[in-house]
2 protein chains.
Amino acid sequence: MKRKKPTIHEVAARAGVGLGTVSRVLNNHPAVRPETRVRVLRAIEELGYTPNPHARRIAGGRSYTVSVLLPFVATEFYRRLIEGVEGVLLEKRYDLALFPILSQARLKRYLESTTLAYLTDGLILASYDLTEHFEGGRLPTDRPVVLVDAKSPRYDSVYLDNHLGGRLAGEYLARFPGAIFAIKVEEEPDKAFRHTVFSERMAGFLEALAAQGRPFPKEHLFVTRLSPEGGRLALRYFLEKASPPLNVFAGADQVALGVLEEAERLGLTPGKEVRVLGFDGHPFAEEVGLSTIAQPVEAMGARAAQLLLERMEGYKGPPREVRFEPLLIERASTATPPSAPYVP
Amino acid sequence: MKRKKPTIHEVAARAGVGLGTVSRVLNNHPAVRPETRVRVLRAIEELGYTPNPHARRIAGGRSYTVSVLLPFVATEFYRRLIEGVEGVLLEKRYDLALFPILSQARLKRYLESTTLAYLTDGLILASYDLTEHFEGGRLPTDRPVVLVDAKSPRYDSVYLDNHLGGRLAGEYLARFPGAIFAIKVEEEPDKAFRHTVFSERMAGFLEALAAQGRPFPKEHLFVTRLSPEGGRLALRYFLEKASPPLNVFAGADQVALGVLEEAERLGLTPGKEVRVLGFDGHPFAEEVGLSTIAQPVEAMGARAAQLLLERMEGYKGPPREVRFEPLLIERASTATPPSAPYVP
DNA sequence: AAGTTTCCATGAAGCGCTTCCACAAGCCAT
DNA sequence: ATGGCTTGTGGAAGCGCTTCATGGAAACTT
């Protein structure tokens, strides 16, 4: 039933080559003649051979694994981020270990644990505010670290310019007739994560309105958690303040979705009586025709992985910053602009 | 700086014993004289030795690792579950690999991957509906599997009697004056997970009301997602249907929290004008004085781990079912019962 | 033509552990 | 005392891989 797995020896025998050659083929070492490489690859294929990662780790003295620490929050953002990271790592025959941060205690335990020491050559930390939680903003590890969706003077950082995204939103919505409203997503109560992204978005948004000379009364802002129901509550609140048409910057697609739902329930036409603009570029935004400020999340993940691999291969330069720019995608939820098609 | 880690050889030398003896101490093998064991343990302590898990895995031919597959949803439920699992595994020197199921595609890829083959001796699958997604409700793996927060005729299952929990809720709330309302948490849209727990709770709840001869009009039910904002929307909706006092079964603590928030905003006293009963036994329930139907989640996790270890050690019996019972915890949100203290 | 360099390939050594056979020492019953 | 047990202990063998010293053959030199 459970046939023993073939080893590198069998592959070598079958291909009629030495052990070392098989290993070199596996590791993409250049010094292998093309014909030989093909012979080995064929043998691997025929035997259904897969290298034993533990043997590799113990012989190589490395773990060939990158850990991604991320908030234990179910969002498309993290799914896409990991997709991006994984793509790059697979090419280099690296494994990915996901570490959802369920609690502060678990994180610290993990960083001090044997697991990390033996199972990680490098770390990617997502959306996490280091300065809040670690002395000097420095993780207690000697492995290379790259931050994503976060910034730090200590480590390479990959992030989206959320402020710019907010500005795009403001400039765009200001073009429409009707009152302007905004929903701000609340920060995490435990402050574990850097949810300043939402504040940044809002700051950019307000700045853009101010630049256009559009006033924004305080009571046009609604604060809620990251959930569609928050959007529904918000729209009901907004409708007490002004009559349609309304222009709503929802701060996040998840919330925008709720605004759309509630508009439908109330018989208001999206893109006409209620214009909604989200943020994130969530896959469902396309499905429901939600305009949004999209972030290139996969690309951000891939870039983070690249930076980390460079560090793991010995690069020693000062911390690098990679800033990504968001892109406004116009869909039915904001319909067509008043006059000509929108050109920023 | 990065001093080389001590190995089992150094430990053996320092303790003045053989290699095998150190290994035996590490693995709790009985045939070691107590004095010897102490000597070895002291040497380990002094050297700060930690065994290399990869070496262990390759020599032992096993991975000494259990994978927990769980929905990528941030709830206390999963945090507590893992806590319970981990406690049992640590004792047996097993590692825990968390695998948040970000998508169906990822799960299937994972199950067919080398990672699983080399990194897992057993699987714990949480809240996952197998029959929906796998031919014959059987996972494509030869490793032992235990389900938790789910049931299956194929595998050992550990779960809470949600129906009973709902019944407890119904019997309890029926004792109070005022109208009865309930919130049902919506199932996942992608049906990936077995969220029938919420239906079961509601079924038990309605059954209890019926048994007491209490009618429950359809419009007293509000359906929403698992978020506090859902609770807030629900309470506003309920207040359109009846005037206080109201008795609300919220279906989940997270939702109950929103009901409490909104009650406060509207100036209604919890436990008097609005009685709220949650479900889960979330830690914050205690903080905010929320009555709830508590589940022993840690214990469920621990039990699942035990069942799995037994399977991994060769136990061959038919699938086992372990049913846990919830417990009603009375707090300020339902105040004191009308007459005597509540005794079920 | 002989020497030098480059290119490929080999397989032993070694990574840090578990397992298992061998053996020593102590114990008991004869 | 002798022969069996039992209980502890030592260390060689081996897990599947990477690395590296070694060397043969081909491709350049001069």
Side-chain angles (χ1 to χ4, degrees), chain A residues 3-41 43-44 47-65 92-95 114-115 117-119 121, chain B residues 2-41 43-44 47-65 92-95 114 117-119 121:
Chain A
R3 244 185 33 258
K4 230 176 122 326
K5 291 186 191 311
T7 75
I8 203 172
H9 286 94
E10 277 122 72
V11 175
R14 176 153 199 141
V17 300
L19 283 181
T21 304
V22 177
S23 180
R24 254 171 288 131
V25 169
L26 287 173
N27 293 298
N28 282 317
H29 198 96
V32 179
R33 216 176 342 138
E35 307 93 276
T36 315
R37 178 181 300 277
V38 169
R39 280 227 310 289
V40 172
L41 288 176
I44 288 178
L47 290 170
Y49 166 78
T50 57
N52 182 323
H54 304 305
R56 187 171 181 234
R57 293 195 248 260
I58 184 193
R62 290 181 289 158
S63 72
Y64 302 94
T65 303
K92 297 271 184 181
R93 276 191 81 207
Y94 265 80
D95 278 336
T114 322
T115 317
Y118 287 106
L119 195 65
D121 294 333
Chain B
K2 202 165 161 181
R3 244 185 31 259
K4 230 177 119 330
K5 290 185 192 310
T7 74
I8 203 172
H9 285 95
E10 277 121 74
V11 175
R14 177 154 198 139
V17 300
L19 284 181
T21 303
V22 177
S23 178
R24 255 169 274 138
V25 169
L26 287 173
N27 293 297
N28 283 315
H29 198 95
V32 180
R33 220 180 337 141
E35 307 92 276
T36 315
R37 178 180 301 277
V38 170
R39 279 226 311 289
V40 172
L41 289 175
I44 288 177
L47 289 170
Y49 166 77
T50 56
N52 181 322
H54 304 305
R56 186 169 181 236
R57 292 196 249 259
I58 185 196
R62 290 181 289 159
S63 73
Y64 302 94
T65 302
K92 298 271 184 180
R93 277 191 80 207
Y94 265 81
D95 279 335
T114 322
Y118 287 106
L119 195 67
D121 295 333

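In what follows, chains are A, B, ... by sequence order, proteins preceding strands, each numbered from 1. Everything numeric here is computed off the predicted structure, so don't read it as measured data.
- Between A:Pro30 and B:Gly60, the residue anchored nearer the 5' end of DNA chain C, judged by the nucleotide with its closest heavy atom, is A:Pro30.
- Taking the side chain of B:Val32 as heavy atoms from C-beta on, and the options C:dT19, C:dG16, D:dT9, the nearest nucleotide is D:dT9.
- Residue B:Arg57 contributes atom CZ, which lies 19 Å from atom C1' of D:dG14 at whole-angstrom precision.
- In terms of position on DNA chain D, the residue among B:Thr21 and A:Tyr64 whose nearest nucleotide sits closer to the 5' end is B:Thr21.
- Contact check, B:Asn27 against C:dT18: a side-chain N or O comes under 4.0 Å of OP1 or OP2.
- Side-chain proximity of A:Ala55 to the nucleotides D:dG16, C:dT18, C:dC17 is greatest for D:dG16.
- Not a single side chain to side chain donor-acceptor pair (under 3.5 Å) links A:Tyr49 to another residue, sequence neighbours left out.
- Nucleic acid contact for A:Gly20: base, since at least one base atom lies under 4.0 Å from a heavy atom of the residue.
- Using a 4.0 Å heavy-atom criterion, one finds that A:Ser23 contacts the bases of the nucleic acid, with or without backbone contacts as well.
- Nucleotide C:dC17 holds its P atom 10 Å from the CZ atom of B:Arg56, rounded to whole Å.
- What separates CG of A:Asn28 from P of D:dT18 is a distance of 12 Å, to the nearest Å.
- Residue B:His9 contributes atom NE2, which lies 13 Å from atom P of D:dG10 at whole-angstrom precision.
- For A:Ala59, taking side-chain heavy atoms from C-beta onward, the closest of the listed nucleotides D:dT9, D:dG16, D:dT19 is D:dG16.
- Of the possible polar contacts, none joining the A:His54 side chain to the B:Ser63 backbone as a donor-acceptor pair under 3.5 Å is found.
- A donor and an acceptor atom sit less than 3.5 Å apart, one in the side chain of B:Arg24 and one in the base of D:dG10.
- No donor-acceptor distance shorter than 3.5 angstrom exists from the side chain of B:Tyr94 to the backbone of B:Asp121, with no hydrogens or angles considered.
- Ion pairing between a basic and an acidic side chain is recognised when a charged N comes within 4.0 Å of a carboxylate O; B:Asp95 and B:Arg57 show such pairing.
- The side chain of B:Val17 sits closest to D:dG10 out of D:dG10, D:dT19, C:dT18.
- Counting only heavy atoms from C-beta on, B:Arg33 has its side chain closest to D:dT9 among D:dT9, C:dC15, D:dT18.
- Between D:dT9 and B:Thr36, a contact under 4.0 Å exists linking OP1 or OP2 to a side-chain N or O.
- For the pair B:Arg62 CZ and D:dG16 P, the computed distance is 15 Å after rounding to whole Å.
- Heavy atoms of B:Pro51 sit under 4.0 angstrom from primed sugar atoms or phosphate atoms, though from no base atom.
- Heavy atoms of A:Tyr118 sit nowhere under 4.0 angstrom from any nucleic acid atom.
- A side chain to side chain contact (heavy atoms under 4.5 Å, CB included) with B:Arg39 is found for one member of B:Val25, B:Val17, B:Thr21, B:Ile44 and no other, namely B:Val17.
- One interatomic measurement links the two molecules: CZ of B:Arg37 to P of D:dT9, which rounds to 10 Å at whole-angstrom precision.
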